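Below is one structure, written out as structure tokens, with a few remarks after it.
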Amino acid sequence: MKPVEFRNKINEKQTEVIWYFKNITGNNSWSIICSCMDWLECSYDFYVNYNKQSESENFTTYIQFAKISSVDNMIGCIEQLYNCVNLCTNSKILQSNDIFNKNINDRDWFKDIRAVFGAHSTNLKLKNDNNNYFASWPAKLLDNNDFTVLLYPLKQEGFKKIGYKQESFDKIVSLICEELDAILLKIFELIDKKKESLKKIKIAESSHEQHEIDLLLEENELRMRDSNIKDILFEIKKILSVNTSNYTIIRYKKRLVKAIPILRVWLQNLSYSEDEFKFMNDLVNPEFTIGMDYELQKLFAYWDSGENLHGDSMYENYMKNIASKLKVNLSDENLLNIDEFVIYVKAITNK
């Protein structure tokens, strides 16, 4: 697959990939994957789209160096991804000699090409050669290669030639794309294996709702690192922590308590459906039938911030105005503060 396809596949399961790779023996391997995806994509894009028609020899020289560098970047990315997923490093890209057809492996020959064509042009040491060389700029059609460089030795006269055919680099890039298929499969295989292992470990239970929620929050970090579950658990915990004598809120809180075991099942099985999530999210974060006007927006922004604005005259007025729209008598309903009122609005929306 192409690097952009690899990135898209990773992004489809980004939460799970981050969850697995964020801490591998103390290292955040997700950082490595992100870097490799970036450089694979831009290097591949340059390689397939570089300008082949320039008439400037100087420009062509640097284009060849940039092209080789783009392949070098992609090879380096593959090596790093191997390390991330514990794949062996005996890839055809690294160890074979059937691409350049030389008497050393393709990786070592590629390093010589990279050095000669720009990386170390004026201070060269070649594999299995003790001489020092200095490279000319690349030329076309000096031999049966597409691009060739003359190497001038330090200790003797004359020169030797080294070059490459375009098709050799095309083969390497094609193999890189093949390796991305294998790496992607390995990434998802590792994630599935860890998930199956975690499913066999029973989550601890508590008879106290707040402690139960704390346990599930910890398990979420360990098992799924799912922001949806985290947000729902935090919201339930916050609502349950508010003391009230309002009957509507008390009944709503009982419904939320009954939702906690459902979240436990999600975490135990490491999965939930879209419909299940929608139901749970609507329970905790309902869409308001009265419309989210400015005053209601301000009250819920306050609720989400966690600030203590009890007694703030502006917010007290917001609450009174919304209560008037809802035809709610704050005294009759024993709604004594903004926190209770916000939960009450959630509760009546969930009737």
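The shown structure was predicted, so the numbers you read here are calculated from the model rather than taken from an experiment. These values consider heavy atoms only, across backbone and side chains, with no hydrogens, waters or symmetry-generated copies.
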When you measure from the side chain of Lys237 to the backbone of Gln210, do you find a donor-acceptor pair of N or O atoms at a distance under 3.5 Å?
no

Face-on cation placement of Lys2 at Tyr44 ring, 6.0 Å and 45° thresholds
no

For the residue pair Leu217 and Glu221, establish whether any side-chain heavy-atom pair is separated by less than 4.5 Å.
no

Are more than 12 heavy atoms from other residues, nucleotides or ligands located less than 6.0 Å from atom NZ of Lys9?
no

Note, Trp30 side chain near Ile24 side chain (heavy atom, < 4.5 Å)
no

Does Glu5 have any salt bridge (charged side-chain N to carboxylate O under 4.0 Å, His left out) partners at least two apart in sequence or in another chain, and if so, which?
none

When you compare the side chain of Leu40 with that of Leu180, does any pair of heavy atoms fall below 4.5 Å?
yes

Is Asn269 reaching over with its side chain to a backbone N or O of Ser271, donor-acceptor style, under 3.5 angstrom?
no

Distance-only, no hydrogens or angles: does the Asp108 side chain make a donor-acceptor pair with backbone N or O of Ile104 under 3.5 Å?
no

Do Leu240 and Ile213 touch side chain to side chain, with heavy atoms closer than 4.5 Å?
yes

Below 4.0 angstrom, N of the basic side chain to O of the carboxylate: do Arg7 and Asp38 qualify?
yes

Could you tell me whether Tyr272 and Trp266 have their ring centroids closer than 6.0 angstrom?
yes

Taking the side chain as everything from C-beta on, heavy atoms only, tell me whether Phe21 gets closer than 4.5 Å to Asn28.
no

For the backbone of Ser43 and the side chain of Asn73, can you confirm whether one donor and one acceptor N or O come within less than 3.5 Å of each other?
no

Distance-minimising heavy-atom pair for Ala347 and Thr248:
CB-CG2, 3.8 Å

For Tyr62, look at atom OH and say whether over 12 heavy atoms of other residues, nucleotides or ligands are found less than 6.0 Å away.
no

For the residue pair Ile10 and Val17, what are the closest heavy atoms and their distance?
O-CG2, 4.2 Å

Let me confirm one number: the CZ-CD1 distance from Phe147 to Ile68, rounded to the nearest 0.5 Å.
9.0 Å

Take a 6.0 Å sphere around NZ of Lys230 and say whether it holds more than 12 heavy atoms from other residues, nucleotides or ligands.
no

Would you say that Asn97 contacts Lys102 through its side chain, given a criterion of any heavy-atom pair below 4.5 Å between the two side chains?
no

Pairs meeting criterion ring pair (Phe, Tyr, Trp, His ring centres under 6.0 Å) with involvement of residues 112-134, two or more places apart:
Phe117-Tyr164

Inter-residue atom distance Glu189.CD - Ile187.CD1, 0.5 Å rounding
11.0 Å

May I ask you to check whether Asp146 and Gln166 show a side-chain donor-acceptor distance below 3.5 Å?
no

Tell me whether Phe65 is reachable from Val149 by hopping between hydrophobic residues (I, L, V, M, F, W, Y) whose side-chain heavy atoms are closer than 4.5 Å.
no

Aromatic rings Phe341 and Tyr344: how do their planes relate, parallel, tilted or perpendicular, breaks at 30° and 60°?
parallel

Hey, is the main chain of Glu41 close enough, under 3.5 Å, to the side chain of Asp45 for a donor-acceptor pair?
no

Tell me, yes or no, whether the heavy-atom count around Asn243 atom CG, taken from other residues, nucleotides or ligands under 6.0 Å, exceeds 12.
no

Do the charged groups of Lys195 and Glu16 touch, with an N to O distance under 4.0 Å?
yes

Please say yes or no: joined through hydrophobic side-chain contacts below 4.5 Å, possibly via intermediate residues, are Ile203 and Ile201 part of one cluster?
yes

Would Tyr247 and Glu333 satisfy side-chain hydrogen bond (donor to acceptor under 3.5 Å, both in side chains), going step by step from the backbone distance to the final call?
CA-CA 8 Å; Tyr247 174 74; Glu333 293 290 344; over 6 Å; no

CD1-CG distance between Ile113 and Asn145, expressed to the nearest 0.5 angstrom:
7.5 Å

If you measure from the Lys or Arg side-chain nitrogens to the Asp or Glu carboxylate oxygens, is any gap between Arg107 and Glu79 under 4.0 Å?
yes

Can you see which heavy atom on Glu340 is nearest to which on Ile249, and at what distance?
O-CD1, 3.2 Å

Rounded at 0.5 Å granularity, tell me how far CG in Leu335 sits from CG in Leu330.
5.5 Å

Does a side chain donor of either Tyr302 or Asp339 reach within less than 3.5 Å of an acceptor in the other side chain?
yes

Are Tyr252 and Ile262 connected into the same hydrophobic cluster when the rule is that any two of I, L, V, M, F, W, Y join if their side-chain heavy atoms are below 4.5 Å apart?
yes

Can any side-chain N or O of Arg114 pair as donor or acceptor with the backbone N or O of Ser69 at less than 3.5 Å?
no

Main-chain N/O of Met1 paired with Asp181 side-chain donor or acceptor, under 3.5 Å
yes

Between Arg264 and Glu212, does any NZ, NE, NH1 or NH2 come within less than 4.0 Å of an OD or OE carboxylate oxygen?
yes

Trp19 six-ring centre to Lys194 NZ/CZ under 6.0 Å and within 45° of normal
yes

Do Lys13 and Ile191 come within less than 4.5 Å of each other through their side chains, counting heavy atoms only?
no

Would you say that Glu235 contacts Asn285 through its side chain, given a criterion of any heavy-atom pair below 4.5 Å between the two side chains?
yes

Take Ile75 and Ile172 through the side-chain contact (heavy atoms from CB on, under 4.5 Å) test and state the conclusion after the steps.
CA-CA 9 Å; Ile75 291 174; Ile172 293 176; 4.1 Å; yes

When rounded to the nearest 0.5 angstrom, what is the spacing between CD1 in Ile99 and CG in Asp106?
4.5 Å

Gln80 side chain to Ile32 main-chain N or O, any donor-acceptor pair under 3.5 Å?
no

Atom of Tyr152, atom of Ser136 and distance for their closest heavy-atom approach
OH-CB, 3.5 Å

dist Ser70:OG -> Trp39:CH2 (nearest 0.5 Å) comes out at 10.5 Å

Within the side chain of Asn11, is there an N or O that forms a donor-acceptor pair under 3.5 Å with the backbone of Gln14?
no

Should we count NZ of Lys193 as having more than 12 external heavy atoms under 6.0 Å?
no

Taking the side chain from Tyr47 and the backbone from Asp170, do they hold a donor-acceptor pair closer than 3.5 Å?
yes

Same cluster for Ile343 and Val257 if Ile/Leu/Val/Met/Phe/Trp/Tyr side chains link at under 4.5 Å?
yes

